[in-house]
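Fair warning: this is a prediction, and the values are worked out from it, not measured in the lab.
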Amino acid sequence: MDIRNLLRENIKNLAPYSTARDEYQGDLGIYLDANENPYNNGFNRYPDPRQKELKKVISSVKKMPVENIFIGNGSDEPIDLVFRVFCDPRIHNAVSIAPTYGMYKVAAAINDVEFREVPLGEDFSLDADKLLAAADENSRLMFICSPNNPSANSFPAESVEKVIRKFNGIVVLDEAYIDFAEKEGFLSRLGEFPNLIILQTLSKAWGMAGLRLGLAFADPFIVDIMSRVKYPYNINVVTQKIVMEQLAKPIDKQLQELKQQRDRVMEAMKKMPVIKKLFPSDANFVLVKVDEPRKIYNLLIEAGIIVRDRSRIKGCEGTLRITIGTPEENDRLLKILGELE
C-alpha cells in the first residue's frame, strides 16, 4: 500500500507554516525572529514547535523512535487530523465499531465525512469480517478502540491484525486504556503496519488529563504529514515542561493499585442485587447493567458521586459507566450501591 495515494490532493503538496526555529539547530541563540518580548519571565518565548526534547523523553518511555511520534493537544487533535489529511468531505467515508468513543463520530461530522458504524456483538465482541465488509472504495479510515470505551473490553490481537492487514486504508487503533489491560497492545509491532496509527494518552494511567497531551504513533511519513497540517506552537511551554517532569516519575505502584481496586469493585458488584450484569474490564472503569439507570444515576448524583449514564447509546441500553476511584471513593460508591435493591 502506498500511503501517499490515500492523502487528499490538497495535502500532498502542502507547504506547512515554517518558523526560523525549525531551521536553527543550536540550543542557544539571540532570538530576533518571532517578534516576541525579549525579557525572560519563563513564558516569553514560543514553545518548540517540534517538541524535540519532549519527544526524546517519550521515545525513552515508550521505546519508540522519535520519528514515529506525533504529539497533539489531547488525543482529539490527531483524531481530527486524520480526517483532514485522508478524507475529502462528502466523498470519502470512515468505518468504526459501535458503541465506542464518541469523538470519532463528532470529528467525522465536523469534517463532513460519512461515518459508518458496525455494531459489536451482544457481548461487545469484534467481528473483523463485518467491519471489513462495511468498507468500500471510498473508505479511508477505520477506527478500533481497544480496550474499548464504553464497553471496557479488549479485542483479540488476531482480529485487530486481520483488520489492519486487509483494510485498504488507514486503521486508527485507540489504545487510551492499554496500560490497564493484561495483554500488550500493538505499539511494539508498529513497524509491521505502514497503514496503522496508534493513539495513546497521558490522561489515564499517567494522571495528566488536565495537561491535554495526546500521542499518536505511526509510520514516519504519516507523522510528517500530520505535523505539516497541525497548527504551530500548539503544545505550550508549561505543558511540555510538566509532562517531562511527570514522565520521570514511576507510575507502577499507582497503576497496580488502580487494577486492584478495579478487581475489588467488580467483585463487590457481583453480589449486589442492583447490578443485573457486570461486563469484563481491561480499563480503569466498569460498565454495569441495571434496571433503572437514570434513577440510580440520580441517586448517586444526590450522594455527590458522578458516573456516566450510557443507557441511551445503542448497544449499551440500561448501563452505567463507572470510573475506578481512590479506595475511599470506591468505598463510598459500593456502600450506596449495596443499599439499593
Side-chain angles (χ1 to χ4, degrees), residues 1-17 68-120 126 128-146 148-149 160 162-176 186 190 193-201 214-232 234 314:
M1 182 190 303
D2 187 348
I3 300 298
R4 186 173 174 81
N5 292 333
L6 298 174
L7 300 178
R8 290 172 55 180
E9 286 299 319
N10 65 307
I11 299 297
K12 285 182 179 179
N13 300 307
L14 176 69
Y17 179 85
N68 292 102
I69 301 171
F70 175 88
I71 299 177
N73 197 330
S75 295
D76 297 336
E77 181 177 27
I79 291 170
D80 177 63
L81 278 175
V82 294
F83 284 99
R84 291 160 59 192
V85 168
F86 294 107
C87 297
D88 283 300
R90 302 188 186 184
I91 296 176
H92 297 124
N93 66 72
V95 180
S96 174
I97 61 172
T100 194
Y101 181 43
M103 271 307 299
Y104 313 144
K105 188 172 185 177
V106 171
I110 290 171
N111 288 280
D112 204 6
V113 173
E114 180 191 354
F115 192 73
R116 300 180 176 183
E117 297 178 282
V118 179
L120 296 171
L126 171 67
D129 291 325
K130 283 186 178 180
L131 198 60
L132 291 164
D136 60 20
E137 67 275 9
N138 288 322
S139 300
R140 288 291 175 86
L141 300 173
M142 191 166 284
F143 288 90
I144 301 175
C145 184
S146 182
N148 188 37
N149 176 13
V160 176
K162 183 176 184 179
V163 172
I164 300 169
R165 292 194 183 279
K166 293 199 171 187
F167 179 55
N168 293 318
I170 302 297
V171 175
V172 182
L173 177 60
D174 192 339
E175 294 187 340
F186 273 73
L190 182 66
F193 312 108
N195 65 325
L196 175 62
I197 298 175
I198 297 175
L199 302 180
Q200 291 193 0
T201 181
L215 305 173
F217 302 90
D219 183 272
F221 176 77
I222 294 177
V223 170
D224 178 63
I225 292 295
M226 291 174 67
S227 298
R228 291 181 181 213
V229 178
K230 76 187 288 288
Y231 295 122
N234 69 331
K314 189 174 181 180

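- In the model, D174 has a side-chain atom that pairs as donor or acceptor with a side-chain atom of Y104 under 3.5 Å.
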Can you list the steps and then say if I144 with T100 is a side-chain contact (heavy atoms from CB on, under 4.5 Å)?
-> CA-CA 8 Å; I144 301 175; T100 194; over 6 Å; no
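- Between A216 and P78, the shortest heavy-atom distance links the atoms CB-CB, 4.1 Å.
- N234 and E77 are linked by a side-chain donor-acceptor pair at a separation below 3.5 angstrom, with hydrogens and angles left out of the test.
- Under the side-chain contact (heavy atoms from CB on, under 4.5 Å) rule, F217 has a single partner from I197, I69, I222, which is I69.
- The neighbour count for K314 NZ, taken as heavy atoms of other residues, nucleotides or ligands under 6.0 Å away, does not exceed 12.
- For K166, there are no side-chain hydrogen bond (donor to acceptor under 3.5 Å, both in side chains) partners at least two apart in sequence or on another chain.
- Taking E117 as the reference, K105 meet the salt bridge (charged side-chain N to carboxylate O under 4.0 Å, His left out) condition, with sequence neighbours excluded.
- Among residue pairs with one or both ends in residues 78-97, those qualifying as ring-ring contact (aromatic ring centres under 6.0 Å, His included) are F83-F143; sequence neighbours excluded.
- Atom CG of L81 and atom CZ of F70 lie 5.0 Å apart (nearest 0.5 Å).
- Considering every non-hydrogen atom in both N168 and L6, the closest pair reads O-CD2, 3.9 Å.
- D76 is linked by a side-chain hydrogen bond (donor to acceptor under 3.5 Å, both in side chains) to Y101, counting only residues two or more places apart in sequence or in another chain.
- In this structure, the separation between CD1 on I71 and CE on M226 is 11.5 Å, given to the nearest 0.5 Å.
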Test side-chain contact (heavy atoms from CB on, under 4.5 Å) applied to V163 and L173, step by step = CA-CA 10 Å; V163 172; L173 177 60; over 6 Å; no
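- In this structure, the separation between CE on M103 and CG on L199 is 11.5 Å, given to the nearest 0.5 Å.
- At a threshold of 4.5 Å between non-hydrogen side-chain atoms, the residues F167 and S139 count as touching.
- Distance check: I225 CD1 to R8 CZ gives 12.5 Å after rounding to the nearest 0.5 Å.
- With sequence neighbours excluded, the residues satisfying side chain to side chain contact (heavy atoms under 4.5 Å, CB included) with A134 are V95, V118.
- Here the side chain of N68 pairs a donor or acceptor atom with the backbone of A218 at under 3.5 angstrom.
- I79 and A107 get closest at one heavy-atom pair: CG2-CB, 3.9 Å.
- In this structure, CG on L126 lies 8.0 Å from OG on S146, to the nearest 0.5 angstrom.
- Side-chain N or O atoms of R90 include none that pairs as donor or acceptor with a backbone N or O of D112 at under 3.5 Å.
- The two atoms that bring S75 and T201 nearest to each other are OG-CB, 3.9 Å, heavy atoms only.
- For R4, there are no salt bridge (charged side-chain N to carboxylate O under 4.0 Å, His left out) partners two or more places apart in sequence or in a different chain.
- The CG atom of L131 sits 8.5 Å away from atom CG of L120, with the distance rounded to the nearest 0.5 Å.
- Listed for the D80 side chain is no donor-acceptor partner under 3.5 Å among the backbone atoms of N111.
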Test side-chain contact (heavy atoms from CB on, under 4.5 Å) applied to R140 and V82, step by step = CA-CA 9 Å; R140 288 291 175 86; V82 294; over 6 Å; no
